[in-house]
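Here's the structure we're looking at; comments come further down.
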There are 2 protein chains.
Amino acid sequence: MPIRTAEASPDPDANLLLSRQLCFALHSTTLALGRVYARVLAPLGLTYTQYLALMVLWETGEISVKRLGERLLLDSGTLTPLLKRMEAAGLVARQRDPDDERRVLVTLTQAGAALREQARDIPVQVARICATSGLDLEALKTDLEALRGALGEPGVAPVSTGQ
Amino acid sequence: MPIRTAEASPDPDANLLLSRQLCFALHSTTLALGRVYARVLAPLGLTYTQYLALMVLWETGEISVKRLGERLLLDSGTLTPLLKRMEAAGLVARQRDPDDERRVLVTLTQAGAALREQARDIPVQVARICATSGLDLEALKTDLEALRGALGEPGVAPVSTGQ
DNA sequence: AACAATTAAATTGTGTGCAATTTAATTTTG
DNA sequence: CAAAATTAAATTGCACACAATTTAATTGTT
């Protein structure tokens with residue numbers, strides 16, 4: 001049963017052309033979007049990942065490092081230093097959960113909560129730039145989420161194809 | 001003129017929900033694909049970015065750091081240490097261009113060229129996993145390239161909206 | 001020819017991202 | 001209840017990614 005996809009071709013060498021790689025389109029587009037966010041977030045003193053973490057905190061108030069990682073699909077090796085920097089910047093507080101001393105609860109400070117006002121129009125700013133592509137961005141988001149599901153979560157192999 | 005996109009909503013707070021962000025779908029999908037590549041490339045001793053660089057070299061033979069950066073949309077701050085690691089691993093050679101001593105030319109070693117054989121089925125392996133999403137991957141790639149175009153290249157502001 | 005401007009890499013410093021390991025707390029089991 | 005297993009963070013070590021700066025070579029301009 002032949003495989004027909006974006007990355008399969010009768011010519012075996014053609015599969016290794018950079019221009020044929022979905023992975024490169026995805027990778028380079030993410031880097032390009034990261035640069036756009038870096039510009040937009042610079043006035044707020046935030047990095048892109050810090051902004052993602054703040055979005056979760058604005059939504060939930062208090063959250064453990066573990067659950068934050070589940071939301072952002074990141075592990076403690078990434079989050080611990082990130083949160084320490086945000087704590088040093090006065091945006092969040094970190095404290096052990098009295099009910100379970102293994103957990104660390106992250107909460108917003110006044111300054112962290114206040115940043116929400118300044119961030120309110122960032123999605124629109126970025127959406128305006130993305131909109132110049134003329135794409136259906138909602139559909140693109142849905143497709144990316146479907147692909148992400150096929151690729152599997154952190155630490156989990158996506159599919160056992162048997163071979 | 002109202003803006004109608006994936007990230008605009010009548011409720012200003014809804015725009016800041018993580019689940020509504022195209023950026024997060026893109027970011028997290030890229031990380032997920034990176035983890036898949038890390039598994040597939042581990043037997044070859046390659047990282048994902050090293051694999052991208054090798055694809056360009058397999059295609060072009062010899063290339064300057066500058067042109068490699070144009071192909072991969074990366075700058076020398078990323079490429080110089082990457083290429084040094086690849087040189088230390090015996091995959092590439094780096095030498096000043098005699099015609100223009102500013103340039104550094106990167107070429108494949110025997111070992112680097114030979115890796116192409118082992119890499120030949122990687123696109124198919126990855127495509128097989130991506131195909132379980134049921135998406136039209138070719139169309140997705142085209143859409144991502146269009147979005148990347150709207151976002152602009154490294155060092156270049158994407159659009160001047162005037163305001 | 002001399003000097004300014006430009007170009008190509010390299011360097012510096014910061015911030016992710018992740019595998020692997022470690023530490024401490026909690027839960028499960030024998 | 002005590003030992004084993006599990007869980008949550010933190011830590012360690014490595015590899016990007018990028019802005020900003022520096023260095024050296026080339027091009028251009030008068």
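Numbers restart at 1 for each chain; the letters A, B, ... are given by sequence-line order, proteins then strands.
The separation between B:L52 atom CG and D:dA17 atom C1' is 13 Å, rounded to whole Å. Summarising the geometry, the separation between CG on A:L46 and C1' on C:dG15 is reported as 13 Å, rounded to the nearest angstrom. The distance from atom OH of A:Y51 to atom P of C:dT16 is 15 Å, rounded to the nearest whole Å. D:dA17 atom P lies 11 Å from atom CZ of A:F24, rounded to whole Å. The nearest whole Å value for the distance from the CZ atom in B:R35 to the P atom in C:dC18 is 5 Å. Distance, B:L151 CG to D:dC18 C1': 16 Å, rounded to whole Å. Summarising the geometry, the separation between CG on A:D75 and P on C:dT22 is reported as 17 Å, rounded to the nearest angstrom.
By the 4.5 Å heavy-atom criterion applied to side chains, B:V106 and B:L79 are not counted as neighbours. The closest side-chain heavy-atom distance from A:V126 to A:I122 is below 4.5 Å.
Atom CD of B:Q110 sits in a sparse spot, with 12 or fewer heavy atoms from other residues, nucleotides or ligands closer than 6.0 Å.
Between B:R120 and B:E117 there is a salt bridge, since a side-chain N of the basic residue sits under 4.0 Å from a carboxylate O of the acidic one.
Sequence neighbours left out, not one pair with a member in residues 74-85 of chain B passes salt bridge (charged side-chain N to carboxylate O under 4.0 Å, His left out).
With respect to B:H27, the ring pair (Phe, Tyr, Trp, His ring centres under 6.0 Å) criterion is satisfied by exactly one of A:Y51, A:Y37, A:Y48: A:Y48.
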Nucleic acid footprint by protein, nucleotides 6-16 of chain D - heavy-atom cut-off 4.0 Å, B for base, S for sugar-phosphate alone: -BSBBB---SS
